[in-house]
Amino acid sequence: MTSQRTRNRLVQRLRDVGIQSEAVLSVIAITPRHLFVDEALAHRAYEDTALPIGNNQTISQPYTVARMTEVLLAAGPLNRVLEIGTGSGYQTAVLSPLVKQLYSVERIEPLHLRALERLQRLGYDNVRLSLSDGTWGWPEYGPYDGILAAAAPEEVPESLLAQLADGGRLVLPVGGAEQKLVLITRHGDHFSRKSLEPVRFVPFLPGVQR
């Protein structure tokens, strides 16, 4: 269930449901999603579904990972990218080959430590991880050409807008009971906003959980 043929079936399904970026699809085809879930769930790793990863969190549905990555990269290559919510590290692993430098923050310490070990072991060497409150992003390495968040705030945090470079793109879910995937693009001191599609993510919470 972890063979290349199984991965290729997932890629074909993503094509069928509208993912168009061949660069994104090619990375998903070679990314070992089964290594980002518990061994007991490895046989389901290449289904197009979210799966539990512990600490009341999930590894995102492959379609959602592909869609958010495709939207983030739609305007061209990105040098410096910030990810809010490392989680299992799967979205990180998909982004890593597609950007020059990736910074990722996670607020839940056990997830952060597992992702750190996993990504280092798999050789993702352009990724820097931090255990911290994603509410504030990671100002030390900003501004960022792209920011992607895997948790839904009720409103877009001003701190993330402030860390977006001119021309940069922010992709994140926004809302409470009803959430929409949103693309925000910075134009100097102005920000354009485009709602894309309904999504369902865990809420964007403050504080570090140890």
Side-chain angles (χ1 to χ4, degrees), residues 10 13-14 17-19 21 24 28 31 33 36-38 41 44-45 47-74 81-96 98 102-112 114-115 129-138 144 146-161 163-164 168-185 191 193-209:
L10 172 60
R13 171 170 169 74
L14 296 180
V17 294
I19 301 301
S21 169
V24 172
I28 287 178
T31 303
R33 191 172 187 250
F36 292 85
V37 298
D38 289 341
L41 292 172
R44 299 190 59 196
E47 296 176 12
D48 188 21
T49 188
L51 295 169
I53 57 170
N55 300 91
N56 297 312
Q57 304 295 303
T58 60
I59 182 173
S60 293
Q61 177 186 4
Y63 168 79
T64 303
V65 170
R67 177 71 170 134
M68 292 178 74
T69 306
E70 181 176 65
V71 171
L72 190 73
L73 296 167
V81 171
L82 173 66
E83 177 191 25
I84 305 295
T86 314
S88 69
Y90 177 66
Q91 171 75 79
T92 320
V94 170
L95 275 171
S96 171
L98 296 168
L102 179 58
Y103 302 85
S104 184
V105 300
E106 172 57 55
R107 61 180 289 272
I108 300 174
E109 187 173 36
L111 295 183
H112 163 73
R114 286 198 293 270
L129 303 185
S130 175
L131 175 67
S132 65
D133 181 346
T135 305
W136 306 109
W138 201 345
Y144 299 97
I147 301 176
L148 184 152
E154 294 274 356
E155 302 291 339
V156 180
E158 290 291 332
S159 57
L160 296 188
L161 296 177
Q163 290 170 60
L164 201 58
R169 296 161 74 83
L170 167 60
V171 179
L172 79 169
V174 179
E178 294 186 5
Q179 299 172 5
K180 284 284 184 72
L181 187 63
V182 170
L183 166 65
I184 295 170
T185 307
F191 298 87
R193 176 169 172 155
K194 182 179 181 181
S195 290
L196 301 173
E197 58 198 69
V199 289
R200 188 67 191 154
F201 279 82
V202 296
F204 194 112
L205 298 175
V208 170
Q209 179 180 320

Quick one: does any side-chain atom of [X] pair with a main-chain N or O of [Y] as donor and acceptor, under 3.5 Å?
X: R193; Y: V182; result: no
X: E106; Y: G87; result: yes
X: R107; Y: G134; result: no
X: R200; Y: E178; result: no
X: D133; Y: T135; result: yes

Within the 4.5 Å heavy-atom criterion, are [X] and [Y] side-chain neighbours or not?
X: P198; Y: Q179; value: no
X: V208; Y: H112; value: no
X: R67; Y: L196; value: yes
X: T64; Y: F201; value: yes
X: L14; Y: L10; value: yes
X: L98; Y: L72; value: no

Pairwise distance [atom1]([X]) to [atom2]([Y]) - rounded to 0.5 angstrom:
X: T92; Y: E83; atom1: OG1; atom2: CD; result: 3.5 Å
X: R33; Y: E47; atom1: CZ; atom2: CD; result: 8.5 Å
X: Y63; Y: M68; atom1: OH; atom2: CE; result: 11.5 Å
X: Q209; Y: I108; atom1: CD; atom2: CD1; result: 4.5 Å
X: L160; Y: Y144; atom1: CG; atom2: OH; result: 10.0 Å
X: I19; Y: D48; atom1: CD1; atom2: CG; result: 9.0 Å

Q: Under the side chain to side chain contact (heavy atoms under 4.5 Å, CB included) rule, what do Y103 and L82 come out as? Steps first, then yes or no, please.
A: CA-CA 5 Å; Y103 302 85; L82 173 66; 4.2 Å; yes
Q | Pair W138-I147, side chain to side chain contact (heavy atoms under 4.5 Å, CB included): steps then yes or no | A | CA-CA 10 Å; W138 201 345; I147 301 176; over 6 Å; no
Q: Applying side chain to side chain donor-acceptor pair (under 3.5 Å), run through T69 and Q91 and close with a yes or a no.
A: CA-CA 8 Å; T69 306; Q91 171 75 79; 2.9 Å; yes
Q) Can you list the steps and then say if T86 with L111 is a side chain to side chain contact (heavy atoms under 4.5 Å, CB included)? A) CA-CA 8 Å; T86 314; L111 295 183; over 6 Å; no
Show the nearest heavy-atom pair for residues [X] and [Y], with the distance to one decimal.
X: A45; Y: V37; answer: CB-CG2, 4.4 Å
X: V199; Y: L181; answer: CG2-N, 3.6 Å
X: I28; Y: A66; answer: CD1-CB, 3.5 Å
X: A149; Y: P173; answer: O-CD, 3.2 Å
X: S88; Y: A115; answer: O-CB, 3.8 Å
X: P203; Y: A151; answer: O-CB, 3.8 Å

Q. Could you walk me through whether F204 and I84 pass the side chain to side chain contact (heavy atoms under 4.5 Å, CB included) check?
A. CA-CA 9 Å; F204 194 112; I84 305 295; 3.8 Å; yes
